[in-house]
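Heads up: numbering here begins at 1 and tracks the sequence.
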Amino acid sequence: MARSQWGSRLGFILAAAGSAIGLGAIWKFPYVAATNGGGAFLFIYLGICLTLGLVLMLSEMALGRATGAGAVGAFRKLAGGFWPIIGYMGVLVCFLILSFYSVVGGWTIAYIVKSLQGSIMTSDPKALGAIFGGFISDPVQPLLYHGGFALLTLAVVVGGVQKGIETLSKFLMPALFVLMLVLIVRGLTLPGALEGVSYFVTPDFSKVSAGMLVDALGLAFFSLSLGLGIMITYGSYVGRESKLLGSALWVILLTVATCFLAGLMVLPAVFAFGFDPSAGPGLTFITMPAVFAHLPLGQLFAVMFFCLLLLAALTSSVSLLEVVTSFAIDEMRMSRRGAAILMAAGTFLLGIPASLSLGIWGDFQLGGMNFFDLLDFVTSKLLMPAGELLLALFVGWKAWPVVRDELSTGRSRKAMQCMRGFCMALAPALIGWIMVVNI
Ligand code: PHE
């Protein structure tokens, strides 16, 4: 049977962007940028997305289309030997990410409930900090919401309603953009907000450190859903006639635009209300309610914002669960339903200590980090960059003819040679160097 294909090029771009745009862009980007001093981080992040990000996304899509296979299968078809390890690593990382992603996804559901109750409608920074802190350190509530998010993800994957979600995305993504613009305008017109803008966009390169580089690298791969074979799988459904370069560029531009808007939505408000910019993972959840409190119909905006955030998170978590589920179907010969349930249950269980480590298990530290931060560290700063490093080597040294043929229709030889050189040496050297200095 021929491998099924995306209904249209737009469908492909939206699905890939749906996987990419999620909590990474809207929740993670603002606080990681804020803790890294703002402007310089933004520029380095953009630089990485448009160079390494673009080349690696193109490579993943090309590998998928050339082999018509998913993450593990693509490497097995082209090389065998040691290389399929990259695919296995990707599956493992998807599993690890999904566990804590679902915890944060649960927070968005909780904040929908809190918005409906009106319990977060205040602009008092102390009160909002206390509400968030009290909520995530509660031993029971976040787990219930984490379970709720895991069940939603499972329902989409088992119910086979991805198509429906894709159709929905066509409306949701523009809705999200419009809502963010409204919130940005409100935030920017608050007294003191402009200081936040200049913090966010004025690069102070004296703040660049090894830690910042590895944060930017990890966030770039995380927010673009790279290095785990997701774009390989998506590429395997793309028809021959479709141009990959344009699609990859679209996905990257939409994602970095979302990151930029999210930063502009959160950081000026942080300054206007006197929040601590380095507040960490709670930043979006404590800052945005203060903005809603200053809007007419603020409660309605709050509900809409957290609903859209939940849906953006779901289109990403679905892509994560899809990867581990397909792996279990192909390699462990399980039924689709059984595989999805098993994997969702597994990630739910791993998410429990992650969630509790933000409260009652906070004293239990490994390498100076709680379990939640440890999962984030191991995935974003170790395994994803390592996966990308290997992928670049694979493309440059092993699979180049295949990737070149996939991409080169009408493209100049020079550009293709540059890309090869980049994959063979520059990209691995850059990623390796950043990882090493960080350690
Ligand atoms: N890119 C998603 C986000 O930013 C998260 C994700 C990472 C999804 C890796 C798939 C793979 O929310």
Test log, rule side chain to side chain contact (heavy atoms under 4.5 Å, CB included), inputs Phe75 and Thr67: CA-CA 9 Å; Phe75 294 104; Thr67 56; over 6 Å; no
Might you work through the side chain to side chain contact (heavy atoms under 4.5 Å, CB included) test for Phe327 and Tyr88, ending with a clear yes or no? CA-CA 9 Å; Phe327 174 79; Tyr88 288 110; 3.5 Å; yes
To check you understand the geometry: which heavy-atom pair defines the closest contact between Pro30 and Ala25, and what is its length? CD-O, 3.5 Å
Student check: side-chain heavy atoms of Thr258 and Met180 closer than 4.5 Å: yes
NZ/NE/NH1/NH2 to OD/OE distance under 4.0 Å, Lys381 and Asp215: yes
Over all atoms of both residues, closest heavy-atom pair of Trp433 and Leu213: CZ3-CD1, 3.8 Å
Is the shortest side-chain heavy-atom distance between Leu228 and Ile97 below 4.5 Å? yes
Give, for atom CG of Leu309 and atom CG of Leu176, the distance between the pair rounded to the nearest 0.5 Å. 8.0 Å
Measure the shortest side-chain to side-chain distance between Leu23 and Lys28 over non-hydrogen atoms and say whether it is less than 4.5 angstrom. no
Out of curiosity, Leu249 CG to Leu244 CG, how far, rounded to the nearest 0.5 Å? 11.0 Å
Going by heavy atoms in the side chains, are Trp361 and Pro353 under 4.5 Å from each other? yes
Closest non-hydrogen contact found for Met231 with Leu224 is CE-O, 3.7 Å
If I compare all heavy atoms of Trp27 with all of Thr284, which pair ends up nearest, and what's the gap? O-OG1, 3.6 Å
Answer yes or no: are there more than 12 heavy-atom neighbours, outside Phe177 itself, under 6.0 Å from its atom CZ? yes
Spacing of CG belonging to Leu46 relative to CD1 belonging to Ile252, to within rounding of 0.5 Å: 11.5 Å
Point-to-point distance, once rounded to the nearest 0.5 Å, from CG of Leu389 to SG of Cys423: 11.0 Å
Is a donor on one side and an acceptor on the other found under 3.5 Å between the side chain of Thr379 and the backbone of Met384? no
For Ile286 versus Phe275, what's the shortest heavy-atom pair and its separation? O-CZ, 3.4 Å
Are the side chain of Gln299 and the backbone of Leu116 linked by a donor-acceptor contact shorter than 3.5 Å? yes
Rounding to 0.5 Å, atoms CG (Leu63) and CD1 (Ile232) come to a distance of 5.5 Å
Worked verdict on Ser319 versus Tyr234 for side-chain hydrogen bond (donor to acceptor under 3.5 Å, both in side chains): CA-CA 10 Å; Ser319 73; Tyr234 281 17; 4.5 Å; no
Ring pair (Phe, Tyr, Trp, His ring centres under 6.0 Å) partner of Phe285, the single match among Phe292, Phe305, Phe132: Phe132
For Gly105, is there any backbone N or O sitting under 3.5 Å from a side-chain donor or acceptor partner on Ser102? no
Are Phe100 and Phe372 an aromatic pair by the rule of ring centers under 6.0 Å? yes
Would you compute the distance between atom OG of Ser59 and atom CD of Glu406 and round it to the nearest 0.5 angstrom? 11.5 Å
Taking Ser198's backbone N and O only, do any of them form a donor-acceptor pair with Thr202's side chain (distance below 3.5 Å, no angle check)? yes
Shortest non-hydrogen contact from Thr122 to Ala127? CG2-CB, 4.3 Å
Donor-acceptor under 3.5 Å (Thr189 side chain, Arg186 main chain): yes
Is it the case that the ring center of Tyr111 lies less than 6.0 angstrom away from the ring center of Trp107? no
Considering only heavy atoms from C-beta outward, does the side chain of Val103 approach that of Ile136 to under 4.5 Å? no
Any side-chain heavy atom of Thr347 within less than 4.5 Å of one from Leu350? no
Can a donor-acceptor pair be found, under 3.5 Å and without considering hydrogens, that links the side chain of Arg65 to the backbone of Ser236? no
Donor-acceptor pair, Ser225 side chain versus Ser19 backbone, under 3.5 Å? yes
Test log, rule side chain to side chain contact (heavy atoms under 4.5 Å, CB included), inputs Leu183 and Leu179: CA-CA 6 Å; Leu183 298 173; Leu179 183 64; 4.2 Å; yes
Residue pair Val403 / Met419, side-chain heavy-atom distance below 4.5 Å: yes
Tell me, with the steps shown, if Glu388 and Leu52 meet side chain to side chain contact (heavy atoms under 4.5 Å, CB included). CA-CA 9 Å; Glu388 287 299 1; Leu52 275 174; over 6 Å; no
Min side-chain heavy-atom separation Leu190-Pro268 under 4.5 Å: no
